[in-house]
Structures are given as structure tokens and as C-alpha cells.
Protein chains: 2
Amino acid sequence: MFRLSRGAEYAIRGLLYLAMQPEGKISFIEEISIAQEVPKAYLAKIFQTLGKKGFVKSYRGPDGGFVLTKPASEISLLDAIEALEGPIHFNDCLIHEGYCHRDEMCPIHDVWMTAQKQFLSVLTGTNFTILAEAARVKAAKKTDRLKEAKCKQN
Amino acid sequence: MFRLSRGAEYAIRGLLYLAMQPEGKISFIEEISIAQEVPKAYLAKIFQTLGKKGFVKSYRGPDGGFVLTKPASEISLLDAIEALEGPIHFNDCLIHEGYCHRDEMCPIHDVWMTAQKQFLSVLTGTNFTILAEAARVKAAKKTDRLKEAKCKQN
DNA sequence: ATTAATCGGACTAACATGGTCTCAATTATC
DNA sequence: GATAATTGAGACCATGTTAGTCCGATTAAT
Ligand code: SF4
Ligand code: SF4
């Protein structure tokens, strides 16, 4: 179906939130879920798998929560997605050479290969510092637009 | 899940088969299903939707079967896939501008946009004459390899 | 009439998705 | 030490999608 799962989408939003916090600040699930508009219970489950995969560290008890375990620059968008969805293969024949016995005579195989390669390179080329920075820029632009609109009203 | 559905895979194989036949030759389901290793009954259903979408024309009765309605060069890989799976959107926010109200402040949105654009351009850039030609080249190479191997044995 | 093919749709089993809910464990604070 | 806030683990569930099968109706060539 070529569509990002909801779970992965939420994982990305969650990690992005952490990446935008001051270094080392502990954020708890409710805070993230409200800011990023993700169902709290679901987000909690997602962060558990994110924890198991080693992207976040958790603290229990009051004032507990989550922080990133690595610098945001070392977590790519692909990492986040694959943590939730598992490895990406556009078609079965891309799981490994010879998985589909038709691949050596199949002209479609190669198309999938290049398509997937390009796709993955976009996702690996984007990490969470880039995203956090882009978010700040976009937010600034948005407030600019709002100010401008207000100006015109007067 | 970012994976091609079985149905679309079969549709592509079926269309490729038709594209490789001499112009205007009628092929029937069983023939295609054997050549392309697709479950016959399933392929039959797939060809019905392919018919409704206007890619193939059908003839009933004995000696009936299917032919392409347009030149193979005018059917892109994307056409084939979307005929079976419906339109492709990597993420909900790509359905249309504003579908996700976060898109104007979301840094991830733009990444999906470029990723999807690239992906679609690969699929639209590949049509069934290209594929048919590539198939012939690959087949030739394969028989070459076999001959070579036989040579070495002696 | 027989036969070979598509047409149309009902039906199914298995799996994936997108959650919720509950209870247990941990820990800061009073 | 009691309380409260937080994560941890996992059972549970409703719904939708996938990948088919199967059957009876229709069409047309012989
Ligand atoms: S695209 Fe070709 S190689 Fe890949 S699964 Fe389909 S038939 Fe096999
Ligand atoms: S990527 Fe951003 S804009 Fe797209 S659906 Fe997720 S939050 Fe919305």
C-alpha cells in the first residue's frame, strides 16, 4: 500500500519533540502526546519499542520520562520508521538477491531496486537535527505570516 | 508498510506479458497465468479490474482473451499499480494540501513530499515498452550466461 | 448443443493496523 | 512509610486489508 503507518508517524513526531527540547531535558508522555497530538496510551507503547531499539532512555517515577540516548543528528528518519515498521522492502524480490527466482530475467526488479534506493537515500539523508532546525524555520515563517496578516487588517 | 501488493505485482506481470506479445494477439488467462506464475483465478479477477480501468480489452467465448487497448508505451508502471491499489500517498498529509492541519509547521511533511515525488517519477518514467525491451535484453544475457557455462564444462 | 472462455460477485482465512485497558514496577516527595 | 506520578509489559479488541477461492451467468466459435 505504500503508506506510512500511523505508529511510525507518531514515533517520528515523538522523536522530533525530544530533539527540539533543550539537551538532557526529560519529557514525559503526556506532555509529548499533547504537543504532538498523538493518543497518549498509544504513544506510550510506541516509546517502549523506541526504548528497546535504543533511541530513547526512560526514567520511572514522578518527574520520570524520556530523553534521547544519542545526538539527534545520529538518528535518521529511516531509523525511526524501521524501528516501528521493520525493514523496508518495496517488493519481495528486494529482501535479498534470489528471493524471487524470476529476478534474473525480470525487468521490473531493477526498477524497484532504483526506486527503493532513491527512497531510502532520502530517508537516511534526513536526521532529527535537520528536522528540528527546519521546524524552527517553519514556525518562524508562520508567525511572520500571522503578523503580516494582522498588519494588513489595520 | 511501503510494500507493493501482490495484486499489483500480478497486474504488472500480466500487462508485461501482453506487451511482449505480437501486436493484436489475444492471450487468455491460463496462458498468462502459467507464463507469469500467477494463480489463475486471482489473475482473472485482476484482469477484470484492469479491463474496467481501460488498460485491456476482453473477448469472450472460445479463443477469447485479452489484448492491450493502448500502445504499451502509454501505460506506465504507476498506471498499473494505481489501477489495483488506488492512488499512492506516502502519508496522509500528501492527499491534499491542508489534509493534516500540522503541515504548515511540520518539517516532515516536506521530506515526504520530495520522497514521494521522486518515487512517482521513477514509476511514471517506466512504461511497458521499456520493460518489454529490458526483458528481452535480460533474457538474451541469461542464455549467454548459460552457453558460457556449458562451454566451460567441456 | 457443446465447449471454451470471460464476467460478476460472494465468500473466506489470515494478517495488519490502530488503538485501549489493566496491573506491575519504580521512584520522588511529604 | 504512604502516596502519587510515571514507565513497563502485555493482554485484548474492532476494523480493515490482503490474497486468494469458488460458483453460476454470459458470450461466442464450432
Ligand atoms: S518484480 Fe520481478 S523479480 Fe521482483 S518479485 Fe516481481 S517478478 Fe520477482
Ligand atoms: S508528516 Fe507532518 S504534515 Fe504530514 S501527517 Fe505527519 S504531522 Fe501531518
Side-chain angles (χ1 to χ4, degrees), chain A residues 1-14 18 25-34 36-69 81-92, chain B residues 1-14 18 25-34 36-69 81 83-89 91-92:
Chain A
M1 261 267 291
F2 289 113
R3 185 178 142 270
L4 184 70
S5 72
R6 223 69 195 129
E9 159 85 15
Y10 295 158
I12 295 169
R13 287 199 213 172
L18 290 189
K25 192 208 141 196
I26 296 179
S27 316
F28 52 100
I29 291 291
E30 186 157 32
E31 173 191 353
I32 307 174
S33 98
I34 290 171
Q36 301 289 57
E37 301 175 287
V38 175
K40 185 179 153 186
Y42 197 22
L43 188 65
K45 201 171 64 165
I46 288 168
F47 264 75
Q48 281 184 39
T49 72
L50 243 28
K52 279 179 198 157
K53 302 279 178 177
F55 297 105
V56 296
K57 194 165 60 161
S58 70
Y59 298 91
R60 316 224 302 206
D63 301 342
F66 295 88
V67 282
L68 293 179
T69 48
I81 294 169
E82 292 200 324
L84 269 283
E85 297 195 5
I88 289 176
H89 312 107
F90 278 1
N91 201 346
D92 289 351
Chain B
M1 258 269 289
F2 289 115
R3 185 179 143 270
L4 185 69
S5 72
R6 224 71 194 128
E9 160 84 15
Y10 295 157
I12 295 169
R13 287 200 214 172
L18 290 189
K25 193 206 139 196
I26 296 179
S27 315
F28 52 98
I29 291 290
E30 186 157 33
E31 173 191 352
I32 307 174
S33 99
I34 290 171
Q36 300 288 56
E37 302 175 287
V38 174
K40 185 178 153 186
Y42 197 21
L43 188 64
K45 201 171 65 164
I46 288 168
F47 264 75
Q48 281 184 39
T49 72
L50 244 28
K52 279 179 199 159
K53 303 279 178 179
F55 297 106
V56 297
K57 192 165 61 162
S58 70
Y59 298 92
R60 318 230 293 210
D63 300 344
F66 295 88
V67 283
L68 292 180
T69 47
I81 294 168
L84 269 284
E85 297 196 6
I88 289 176
H89 313 108
N91 202 346
D92 288 351

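Source: prediction; values computed, not measured. Just so we're on the same page: letters track the sequence lines, and every chain starts at 1.
Per the geometry, CZ belonging to B:Phe66 stands 9 Å off C1' belonging to C:dA5, to the nearest Å. Regarding A:Met1, its CE atom lies at a distance of 9 Å from the P atom of C:dG18, rounded to whole Å. Taking atom CD of B:Glu31 as the reference point, atom P of C:dA4 lies 16 Å away to the nearest angstrom. One interatomic measurement links the two molecules: CD of A:Gln48 to C1' of C:dA25, which rounds to 12 Å at whole-angstrom precision. The separation between A:Leu50 atom CG and D:dG8 atom C1' is 15 Å, rounded to whole Å. Rounded to whole Å, the distance from CG on A:Leu43 to P on D:dG8 is 12 Å. When the P atom of D:dA28 is taken as reference, atom CZ of B:Arg60 falls 7 Å away, rounded to whole Å. Atom CG in A:Leu18 sits roughly 11 Å away from atom P in D:dT7 (whole-Å rounding).
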Filtered N/O pairs between nucleotides 19-22 of chain D and protein, under 3.5 Å:
| from | atom 1 | to | atom 2 | distance (Å) |
| --- | --- | --- | --- | --- |
| D:dA19 | OP1 | B:Arg3 | NH2 | 3.2 |
| D:dA19 | OP2 | B:Arg6 | N | 2.8 |
| D:dG20 | OP2 | B:Tyr10 | OH | 3.0 |
| D:dG20 | N7 | B:Lys45 | NZ | 3.2 |
| D:dG20 | O6 | B:Lys45 | NZ | 2.9 |

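When atom types are taken as modelled, the side chain of B:Glu30 and the backbone of B:Lys40 share no donor-acceptor pair closer than 3.5 angstrom. Looking only at distances, no side-chain donor or acceptor of A:Ser58 sits under 3.5 Å from a matching main-chain atom of A:Gly65. Remark: the backbone N or O of A:Ser5 is paired with a side-chain donor or acceptor of A:Glu85 at under 3.5 angstrom.
In terms of heavy-atom proximity, A:Ile32 sits nearest to A:Gly14 at CG2-CA, 4.0 Å. In this structure, B:Gly7 and B:Leu84 approach most closely via the heavy-atom pair O-CG, 3.9 Å.
In this structure, OG1 on A:Thr69 lies 8.0 Å from CZ on A:Phe55, to the nearest 0.5 angstrom.
A:Phe47 comes within 4.0 angstrom of nothing in the nucleic acid, heavy atoms only. Heavy atoms of A:Gly65 sit under 4.0 angstrom from primed sugar atoms or phosphate atoms, though from no base atom. Counting any heavy atom pair closer than 4.0 Å across all strands shown, A:Lys52 reaches sugar-phosphate atoms only and no base atom.
Listed by chain and number, the residues in a salt bridge (charged side-chain N to carboxylate O under 4.0 Å, His left out) with B:Asp92 are A:Arg3, A:Arg6 (sequence neighbours excluded).
Each of C:dG8, C:dA16, C:dA5 was ranked by its minimum atom distance to the side chain of B:Phe28; first place goes to C:dA5.
Summary of the strand contacts: B:Asp63 and B:Glu85 both lie near DNA chain D, and taking for each the nucleotide with the nearest heavy atom, the more 5' one is attributed to B:Glu85.
Contact annotation: B:Ser58 side-chain N/O to C:dC7 OP1/OP2 distance is under 4.0 Å.
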